[in-house]
There are 2 protein chains.
Amino acid sequence: MREVARALGVSVATVSNAYNRPDQLSAGLRERVLDTARTLGYGGPDPLARSLRRGRTGVIGVVYDAPLEYAFADPAAALFLGSLAQALQAASLNLLLLASPGDPQADPLAPVQGASVDGLIVYSAAQDSELLRAVLARSLPTVLVDQPMLADQPVLINQPILVDQPVQADHPDLPAQDHRAQASGVQIDDAGGARLAAQHLMDLGHTHIGVLCLELGPRQGGGPVTPERERRVAYHPTAERLRGYREALDAGPSGTRLFLTEAERNTPSDGATCALNLLQSEPEITALLCMSDVLAQGALRAAQTLGLSVPHRLSVIGYDDLPGSADLKLTTVWQPTSEKGQRVGEAMLALLGGQTPPDVRLPTRLVVRGSTAARPTTSAQATRPSPLP
Amino acid sequence: MREVARALGVSVATVSNAYNRPDQLSAGLRERVLDTARTLGYGGPDPLARSLRRGRTGVIGVVYDAPLEYAFADPAAALFLGSLAQALQAASLNLLLLASPGDPQADPLAPVQGASVDGLIVYSAAQDSELLRAVLARSLPTVLVDQPMLADQPVLINQPILVDQPVQADHPDLPAQDHRAQASGVQIDDAGGARLAAQHLMDLGHTHIGVLCLELGPRQGGGPVTPERERRVAYHPTAERLRGYREALDAGPSGTRLFLTEAERNTPSDGATCALNLLQSEPEITALLCMSDVLAQGALRAAQTLGLSVPHRLSVIGYDDLPGSADLKLTTVWQPTSEKGQRVGEAMLALLGGQTPPDVRLPTRLVVRGSTAARPTTSAQATRPSPLP
DNA sequence: CTGTTAGCGCCTTCAG
DNA sequence: CTGAAGGCGCTAACAG
């Protein structure tokens, strides 16, 4: 910039103005400035330096506690991220994807601590985790998605104790930095939806119900869920859905049993594997409660593999109500995925604007389609599924 | 940082060292520094300032010339982005999504010009567009995905003409900035795959073939493709696939005809709409060439709506070979989507490391499954599809 | 309408 | 092992 200024015999401020405040200099001069800039190969103000000076980056970070490829592979996540991006784009904000590094050597907090962003959105993180603490420690506008309500968060001492003067007393041209951690929460009624799903199955007379759980926490590896593990579920949505299932059970006739497995990843094939294992080890199961439609899709595939007709021999319920689930005739719990993204975006915008938006809790609904039916009669039930070829 | 230094009676350099070079000070002092920092509410070095000083941000921008939500809605894009992210994560690089603003008032170049990034990846942009020029003008390490080979790109004068001294002569501690635009290309054999698909159909005897095109360019709106519009296709993959179809046609028996429509967006429902319109206005069509599996999925749905059995009455071919396409028994053109992402990531890493990776062109293949069959006999063909209810 | 000034927060060489 | 100094590139106030 100085080069350009010198070449024209003007001051750097004038060059800066040529880019940022056209009204501050004559149109002719402005043209000349832009022109020589081009000649000199100067492409305009450096975004980084500008951000430093202005105190804003125009970037919002999304924290995702898993390899980033999962985010793109999961349709529900993609849907959410898409609508979030759309909401933020309206304010010219871009999305920075912050995932924990694949390399286990690397510091999983580094991305969060090192990102130049104006705000942070936590999409997936274990409750009460280091990661979450690192996010909060940045004292940036933060939106927590599908996390326990803020009131339940451990309080964090973040008020800087100023040694003598406010740091920026001599800098009236910068907006006074507000160092309070400003956070807001958006979530859905996870437990409520789960309760509806389990209830529906019990109303249909099912007494032996398999549950395909989403990950219980970061890198758990899947498999049967012991009561011990059930107590330590780290991912809030998983915990809540489980709680919902349990609540329905407790409210219904006693004698109904749940058989829990954890899918290693939220993919159809992991869902299929889980379902297969579960159905073979517990032949009395007549219904499957899946914590996602993706998992349910796998369950459907498993049923087909085992020659179990859905819904006559096996009922299946999903969660999310993805766009493709209607085609599959899947009974499922609907959640307002897109709206959630939009709400999160709006909350962030409000936070950025200095407001403190209230926490939001969005409803869920049971959508009954063709994949659930009354418990098969005992004779049919007695038919033990044939072992795999 | 100064606060912390003052509170401890040490210099700021020492505080900085506490964070960045533990070997430069005693463990005890380091502990004390970190400790008082915590007490004072100092969360560590500001990433922005650090980036400015170091000259690196640890962020790679992905340029996407459409509302960002499209990127997430398109499974092929998601797959690509996922594997790209994974490759980049290995080098602790994060992904910044740079989409053109939804607001048509806003400057579509702003995101590209204003992003603080170490490199740029162009995933979707019209060839020879302003956007592409703006990307190249940044003189950053750049990878062009599915764009015409670099040799065909308009040359850009980007060498800065230094007025007197190299700007950084007095700053030997910073890596000498290399201002040459370093770009590399990764693409697939779009035309080749398309040719195979069209050929397959012609081998099966089809003579009236409908084509469901991806967008021809930014915001075109869809609809029938006139020869005029066909000449001006702005998106390279669309142009190439079209060229491939045409090549097969030219090589085959004369008398075969193509009927072109553009889908407004790459979604199943747009695909269905297109297919419906096409099949109703041109009842002689017995096969559909779709430029994506997503579009093909819509075509399949349209066929069902019209009561046209696939493949007996109507053959359908897709493009991409998505994970779900096998279940649909869709004949399609496979492309190495994940590998493409990985290659792009590697190319970026090489560029960042000062190397100049060669351009890469990945192969495509025809995967024949159940959605294509020989042209129906004349009598069957004469059955005009029933109008919609 | 233009120029001067004073940093934004940090890192790194170099001298002690 | 520690401290002083200079500057990354830019912008906003203020004075002319």
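Owing to the predicted nature of the structure, the values given are computational and were not obtained by experimental measurement. The sequence lines fix the lettering, A, B, ..., with proteins before strands; numbering per chain opens at 1.
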Subject >> Separation of atom CZ in B/R56 from atom P in C/dC11, rounded to whole Å >> reply: 11 Å

Original post:
Please give, in whole Å, the distance from C/dC1 P to A/E31 CD?
Top reply: 15 Å

**OP:** Give A/G28 one of three labels, base, sugar-phosphate or nothing, depending on what nucleic acid heavy atoms sit under 4.0 Å from its own.
**Re:** nothing

Original post:
Of the candidate nucleotides D/dG3, D/dG9, C/dC11, which contains the atom at the shortest distance from the side chain of A/R53?
Top reply: D/dG9

**OP:** Using atom types as modelled and distance alone, determine if a side-chain donor or acceptor of B/S129 lies under 3.5 Å from a backbone N or O of B/A125.
**Re:** no

Subject >> Residues B/S124 and B/D65: side-chain donor-acceptor under 3.5 angstrom >> reply: no

Subject >> Integer-rounded Å distance: D/dA15 C1' and A/Q24 CD >> reply: 14 Å

**OP:** Please state how far atom CD in A/E3 lies from atom P in D/dC8, giving the value in whole angstrom units.
**Re:** 11 Å

Subject >> Touch class at under 4.0 angstrom, heavy-atom based, for A/N17 against every strand present >> reply: nothing

**OP:** Check for a donor-acceptor pair, side chain of B/R138 on one end and backbone N or O of B/A115 on the other, with a separation under 3.5 Å.
**Re:** yes

Original post:
Distance-only, no hydrogens or angles: does the B/R30 side chain make a donor-acceptor pair with backbone N or O of B/P22 under 3.5 Å?
Top reply: no

Original post:
If you pin B/A27 and B/A49 to their nearest nucleotides in DNA chain D, which one's is more 5'?
Top reply: B/A27

**OP:** For B/L48 and C/dC11, give me the distance from atom CG to atom C1', rounded to whole Å.
**Re:** 14 Å

Original post:
Counting any heavy atom closer than 4.0 Å, what does A/M1 reach on the DNA or RNA strands: base, sugar-phosphate only, or nothing?
Top reply: base

Original post:
Does the side chain of B/S11 get closer than 4.0 angstrom to OP1 or OP2 of D/dT2 through an N or O atom?
Top reply: no

**OP:** Considering just the side-chain nitrogens and oxygens of A/R50, establish if one lies under 4.0 Å of OP1 or OP2 belonging to D/dC10.
**Re:** no

Subject >> Options D/dA12, D/dT11, D/dC1, nucleotide nearest the side-chain atoms of B/S26 >> reply: D/dC1

**OP:** With the side chain of B/N20 defined as its heavy atoms from C-beta on, choose the nearest nucleotide among C/dC10, D/dA12, C/dC11.
**Re:** C/dC11

**OP:** Output the single nucleotide from C/dG9, D/dC10, D/dT2 whose closest atom is nearest the side chain of B/T14.
**Re:** D/dT2

Original post:
Within the structure, does a side-chain N or O atom of B/Y19 lie under 4.0 Å from either OP1 or OP2 of C/dT12?
Top reply: no

**OP:** Write down the distance between CG (B/D46) and P (C/dC10), rounded to a whole number of angstrom.
**Re:** 6 Å

Original post:
From C/dC10, C/dG3, D/dC10, pick the nucleotide closest to the side chain of A/V10?
Top reply: C/dG3

**OP:** Check the distance between D/dG3's C1' and B/L8's CG and give it to me in whole angstrom.
**Re:** 15 Å

Original post:
Of the nucleotides D/dC10, D/dA12, D/dC8, which one has an atom closest to the side chain of A/R21?
Top reply: D/dA12

Original post:
Is there a donor-acceptor contact under 3.5 Å from the side chain of A/Q89 to the main chain of B/A99?
Top reply: no

**OP:** Examine distances only and state if a side-chain atom of A/T36 and a backbone atom of A/T39 form a donor-acceptor pair shorter than 3.5 Å.
**Re:** no

Original post:
How long is the line joining CZ of A/R6 and C1' of D/dG9, in whole Å?
Top reply: 14 Å

